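Presented below is the structure to which this report refers.
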Amino acid sequence: MNRIEPEGRELYSIADLAKEFGISTRAIRFYEAKGLLSPERLGSTRVFRRRDRARLILILRGKRLGFSLRDISDYLGLYDADRAQQVHLLAEKVSERLDALERQRTDLETTISELREIKKLAEQRLEKAG
DNA sequence: CTTCTTACA
DNA sequence: TGTAAGCA
C-alpha cells in the first residue's frame, strides 16, 4: 500500500512493525495514544524510525516481563534524560517486579499444597467407601 | 482498573 | 481516528 522508501532500513510503517512483532496496528496506535511512542508524521502517515522501533522493542520486552504500560512509560520517559536515573528507576522496578513474582510464587505454593491436601483426603474417602 | 480488540460513524 | 463497549 504505502511503501516508505527504505534507505538501508531507516523507516518503517505501522504495518511493517505490526507484522514484524506480531501485534495489531491498533495496539501500536494505543501505545502512541498512551504516549509510549511518538512517531513522526508525513501528512497523516506515521513514520517510525529506528528510535521508535527500539522503543517498541522495549515496550514489548517490558510487557513480556510483566510490567504495566505505566511502568514502561515511566522508564521510557527517561529515554533521553539522565542515564543514571534511568538505570536507577529500572533497578527499582525490577526489584518490585521480583518481589511481586516471589509473592505470587508463595501464593501458588500455598494453593498447590491446599489442593494436594484436598485431593489426598478425597482419595482416602474413596478408598474407605470403595 | 488495565490492556487491548472489535466495531461504527 | 475517536469513542464506546466488551473481554480477561
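The shown structure was predicted, so the numbers you read here are calculated from the model rather than taken from an experiment. Atom set for the values below is all heavy atoms of this structure, side chains included, hydrogens, waters and symmetry mates excluded. Within every chain, numbering begins at 1; the chains are lettered A, B, ... in the order of the sequence lines, protein sequences first and strands thereafter.
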Secondary-structure stems, DNA chain B, at least 3 Watson-Crick or G-U base pairs under 3.5 Å
B:4-9 with C:1-6
With heavy-atom distances below 4.5 Å as the criterion, would you say the side chains of A:Phe67 and A:Lys63 are in contact?
no
Residues that A:Leu78 engages under side-chain contact (heavy atoms from CB on, under 4.5 Å), provided they are two or more places apart:
A:Ala81, A:Gln85, A:Gln86, A:Leu89
Strand-adjacent residues in residues 56-65 of chain A, judged by heavy atoms under 4.0 Å from DNA chain B
A:Lys63
Can you measure from OH (A:Tyr31) to CD1 (A:Ile72) and round to the nearest 0.5 angstrom?
7.5 Å
Side chains of A:Ile28 and A:Phe48: closer than 4.5 Å at any heavy-atom pair?
yes
Quickly, which of A:Arg51, A:Glu32, A:Arg55 forms a side-chain contact (heavy atoms from CB on, under 4.5 Å) with A:Pro39? Name it, please.
A:Glu32
Taking side-chain contact (heavy atoms from CB on, under 4.5 Å) as the definition, give me every residue that meets it alongside A:Ser38, ordered by chain and number, with sequence neighbours left out.
none
Side-chain donor-acceptor distances from residues 92-108 of chain A under 3.5 Å, at least two apart:
| residue | atom | partner | partner atom | Å |
| --- | --- | --- | --- | --- |
| A:Lys93 | NZ | A:Asp71 | OD1 | 3.1 |
| A:Ser95 | OG | A:Ala91 | O | 3.1 |
| A:Arg97 | NE | A:Leu65 | O | 2.7 |
| A:Glu102 | OE1 | A:Arg105 | NH2 | 2.7 |
| A:Thr106 | OG1 | A:Glu102 | O | 3.0 |

Just distance, no hydrogens or angles: give the donor-acceptor pairs under 3.5 Å from side chains in residues 119-130 of chain A, sequence neighbours left out.
none

Single-linkage hydrophobic cluster A:Leu69~A:Leu90, side-chain heavy atoms < 4.5 angstrom
yes
The criterion is salt bridge (charged side-chain N to carboxylate O under 4.0 Å, His left out); which residues satisfy it with A:Arg53, sequence neighbours excluded?
A:Glu20
According to side-chain contact (heavy atoms from CB on, under 4.5 Å), who are the partners of A:Arg49, at least two apart in sequence or on a separate chain?
A:Glu10, A:Leu11, A:Glu40, A:Asp52
Value rounded to 0.5 Å, distance of CD1 in A:Ile59 from CZ in A:Arg64
13.5 Å
Using side-chain contact (heavy atoms from CB on, under 4.5 Å) as the criterion, list what pairs up with A:Lys19, not counting sequence neighbours.
none
Residue-level proximity of residues 27-39 of chain A to DNA chain B when a heavy atom falls under 4.0 Å:
A:Ala27, A:Phe30, A:Tyr31
For nucleotides 3-8 of chain C, just jot down a letter per nucleotide in 5' to 3' order: B, S or -, based on protein non-hydrogen atoms under 4.0 Å.
B-----
First and last nucleotide of DNA chain B in contact with chain A, 5' to 3', at under 4.0 Å to a heavy atom: what are they?
B:dT3 to B:dA7
Should we say atom CZ of A:Arg116 is surrounded by more than 12 heavy atoms from elsewhere, each under 6.0 Å from it?
no
Flag the pair A:Arg29 / A:Arg46 as yes when at least one side-chain heavy-atom distance between them is below 4.5 Å, and no otherwise.
yes
